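Atom set for the values below is all heavy atoms of this structure, side chains included, hydrogens, waters and symmetry mates excluded. Read the numbers this way: they start at 1 and go in the same order the structure lists the ligands and their atoms. In this text the structure is predicted, and so the values were computed from the model without any measurement.
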Amino acid sequence: MDASLSPDLVPSFQRGPLIVWGPEPEGLPHAERVRTYDLQHQSTTIRFDWARRAVVGTTTLQIAGLPGASPLSSVALDAGDMTIKRVTSGTRTVKHDYDGRSLVVHLASPLRANVQTSITVVYDAAHRTKGAYFKPRHIVWTQGETEDTRYWVPTYDFPNDKTTWEFYLWSAKGERALSNGRLAGSRTVGDSIEWHWVLDKPASTYLMTAVVGNYTVLQDRPWHNVPIGYWTYPDSVAAAWRGFGKTPAAVEVFSRKTGVPYPWAKYDQIVIPEFQFGGMENVTATSQNDTEILLPPWGPPEESADGLMSHELGHQWYGDLLTTRRWGDVWLNEGFATFMEQIFREEDKGVDEGAFDRFDSHEQSIRADRRARRPIVYDKWVNEPFELFFSGHIYPKGATVLQMLRHQLGDAAFWKAMNHYTTENAYGNVITADLRKAFEESTGRDFKTFFDQWLYGAGFPVFQVSSRYDPATRRLVISAAEVQPRDSLTGFFDVDSDVEVRTDSGVVRFVVPVRSGNGEATTELKAPPRSIRWDKGDWILDITDFPRSTAMMQYQLVHDDDVLGRIEAVDVLRQRPADRLALDALVRSTRNDRFWAVRARAVIAIGIWASDSTRATIPQMKAVRDALVRATFDPDARVREEAAKALGGLPISGPAALDVVVRLRNAARLDRSMVVRGAALASDILLEKDAALPLARQLMVVETWKNVIRVPAIEALRAIDTPEARKLVQQYAPASQ
Ligand SMILES: [Zn+2]
C-alpha cells in the first residue's frame with residue numbers, strides 16, 4: 001500500500017493460501033492395552049543405593065481375576081532392566097520368567113475371577129536407563145509417565161487400571177522422603193529413616209513417585225483441612241514461597257469451578273534438580289523443575305511460576321482423579337490441565353490476561369498444524385507415547401477446544417457439565433466419548449458435530465470475511481466463507497461467530513452462524529461502522545482474513561475493550577508500513593495501551609518497521625526511536641525487554657545513536673529485571689560493537705537465574721563476530737565454538 005492512499009480504502013483479500021497443513025505425523029496406531037487382571041493394592045519398600053546408583057526393593061501386589069474371566073495360570077508384570085531376586089505368592093516361592101521387560105509369574109494355583117492373591121517380588125535395579133535418577137544435592141527422584149514406573153517398581157504399568165498403594169522409603173538421617181498420599185509414619189532403622197506413605201484412593205501407577213534428599217518442608221495455610229506443603233532446598237526457602245505461594249488460592253478456584261473439592265488427602269509440591277520437564281503431576285506429590293519454580297527476587301510479577309503450579313494442580317483433577325484410558329486420548333489429561341491453568345490466570349489476573357493466554361494457545365495450535373496436522377484424539381507414534389504430547393495439539397489446542405465449549409455454553413452450563421463429567425468418572429479412566437456423553441447428558445444438546453470437527457478431525461477453519469455497509473438503508477451485511485484446504489482429515493467447521501460493530505451511536509452485537517462453509521448476517525445500524533470485529537473475544541480457533549480500512553483498524557486499536565481486538569489491530573497495522581497513519585497509531589499505543597502485551601506487540605511492530613531505513617523519513621525514524629527509548633521505562637519488564645531488543649536493530653548512527661547507547665547502557669546496569677538487563681546489553685553490543693565489550697565483561701560475570709544476561713549477550717557477540725567478541729564468547733561457551 002502507498003502512503004498516499006486513503007485511510008478509508010479497504011484492501012482486497014490476501015493472496016495465496018493462509019494455511020498449508022503440515023504432513024501427518026508418522027507412526028503406527030496403538031490401541032488400549034487389554035487387561036487380564038486387576039491390580040488392587042501395591043506395597044513397596046525401597047532403598048536407593050548411591051554407591052551403585054541402584055534401586056533396591058521389595059514389592060507386594062494384591063491382584064484379582066477380572067469379573068467373568070477364565071482362570072489365569074500366570075500373570076505378567078511390567079519390569080524393566082532389573083535383576084529379579086525372588087518371587088513369592090503367599091508364603092511360597094513361585095516360578096517366574098523374566099526377559100528384561102516382562103516378568104511372568106506362574107501362580108501356584110489358577111487365579112479365578114474376583115478372587116484375590118498376592119505376589120511379592122524382591123528386585124534390584126542397578127542398570128536402569130530410566131525410572132529413578134540420582135542427581136546433584138544427593139537427591140534421587142523418579143519419573144513414571146508415560147511407561148517408566150516399571151524401571152523402578154515392577155507393576156501393571158499402563159494407565160487403564162487404578163490401584164491404591166503405599167511406599168516405605170528409606171532415607172539417610174537428616175534427609176526426607178516424599179511419596180504419594182499421607183505420611184502414615186516414620187521410624188529410625190540404624191542410620192536410616194523409613195518413611196511410610198499411603199495413597200488410599202486409587203490412581204494409575206504412572207503417578208507413583210519417590211523423592212529422597214535433604215529438603216526443608218514449608219507448610220502453607222491448609223485448604224479446608226487439606227495440608228499444602230512445599231518441599232525445597234534449605235538454601236531456597238524464599239524462592240520457593242515466590243514460586244509456590246499461590247497454591248492455596250488455586251486449590252480454592254479449581255474446587256469452586258469444578259464443584260469437586262480437592263479430591264486427595266494432601267497436596268505437596270517438591271522441587272527437583274535436572275528435571276527434563278516443567279513438572280509432573282504425581283498424585284498428591286507433584287515434582288517441579290527447580291529452575292522453573294525457584295524464582296529470583298526480581299522475577300515476579302513478570303516472571304512467574306503460577307502457570308506451572310496451576311497446571312500441575314489442575315492435573316490432580318484431570319489426569320489423576322480422571323485419567324485417560326489410553327495415550328491417544330491424553331488431551332483429557334493435558335488439554336484439561338492447560339485449560340485449568342488458563343482458568344486460574346483469568347481468575348487471578350483478570351480477563352485481559354486470561355484472553356491473552358487463550359490467544360497464545362491459538363497461535364501455538366496454528367503453528368502445530370503448519371508443522372504436522374493431526375486430530376487431537378490420535379494414537380500413532382513411532383517409538384513412545386510421548387511423541388503425542390508436545391506437538392501443540394494436546395496442550396494448547398486441547399485447552400482451546402475446551403474454551404470454545406465454555407464460550408458456546410456460557411460459564412454456568414459449562415461448569416455444570418464439567419462437574420457432571422468429573423463426578424461421573426471420579427477415580428476412574430476416561431476416553432473422549434465419556435466427555436461427550438457427560439456434556440450431552442448435562443446440557444441436553446448434541447455434540448456429535450463439534451466432537452467430529454474439533455477432536456476426531458484435524459485442522460481449523462480459515463475464514464474470508466467481508467462487510468458491506470449501505471449508508472442509504474444503514475444496513476450492514478457480514479459474509480464469511482471457509483477456505484481452508486479440505487480433505488479426509490479436515491472438513492468444514494460449524495461455528496457461531498460473535499460480531500461486534502462500534503459506531504458513534506453505540507455498540508451493536510450479533511451472531512453470524514457459519515454452516516457448511518458459509519455464513520451471512522445483516523443488521524441495521526444507527527450510524528456508520530467505525531470498527532467491526534469478527535469473532536469478538538477470539539474464542540474460535542481460526543485464521544481470518546477480514547480486510548478493513550486503516551481508519552477502522554486505528555479506531556479498533558484505540559477503542560476496543562477486548563485486548564485481543566487491540567492486538568489484532570496492531571497485527572494488521574504493522575502490515576501497512578508505508579502508511580503514516582498506521583505508524584502513528586502504533587507509536588501511540590506503545591505508550592497509551594493499558595495492557596502490557598499490546599504495548600509490547602506495538603513496540604515490536606515499530607521496531608521492525610524502523611529496522612528498514614529505506615522506508616522511513618527522518619521525523620518518522622525519530623518518532624520511533626523516541627517511542628522505543630520511552631518504552632525502556634515502561635512499568636512492565638516484558639515491554640522494556642522488547643524495547644531494549646528493538647533499539648539494537650535500529651539503523652542509526654551519530655548523535656542519535658549516542659542517545660540510544662547511553663540509555664541501553666543504563667538499562668543494562670540498572671534495570672530491576674535481569675531479563676531487561678540482558679536484552680539491553682545485547683542491543684548495546686549490536687550498536688557499539690567492540691566499544692561495548694568492557695560493559696559486557698562486567699555484566700556477563702554475574703550469575704543470574706536462567707543465564708538471562710549471558711545468553712542474549714553471547715548471541716549478540718556472535719552476531720558482531722569481532723576477534724575480541726569471539727574471545728569473550730569462548731570464555732562462556734567454549735564447547736559450542
Ligand atoms: Zn501436564
Can the positive tip of R33 be found less than 6.0 Å from the middle of the six-membered ring of Y156, inside 45° of the ring normal?
-> yes
Mind checking side-chain hydrogen bond (donor to acceptor under 3.5 Å, both in side chains) for T146 and listing every partner two or more places apart, or none if nothing turns up?
-> none
Salt bridge (charged side-chain N to carboxylate O under 4.0 Å, His left out) contacts touching residues 283-293 (sequence neighbours left out) | E292-K706
Protein N/O/S atoms closer than 2.8 Å to the Zn ion (ligand 1) | H311 NE2, H315 NE2, E334 OE1
What residue pairs, at least two apart or across chains, pass salt bridge (charged side-chain N to carboxylate O under 4.0 Å, His left out) with a residue in residues 195-212?
-> R182-D200
Assert yes or no for the condition that the ring centre distance of W141 to F134 is strictly below 6.0 Å.
-> no
Check whether the ring centres of W596 and F356 lie less than 6.0 Å apart, and answer yes or no.
-> yes
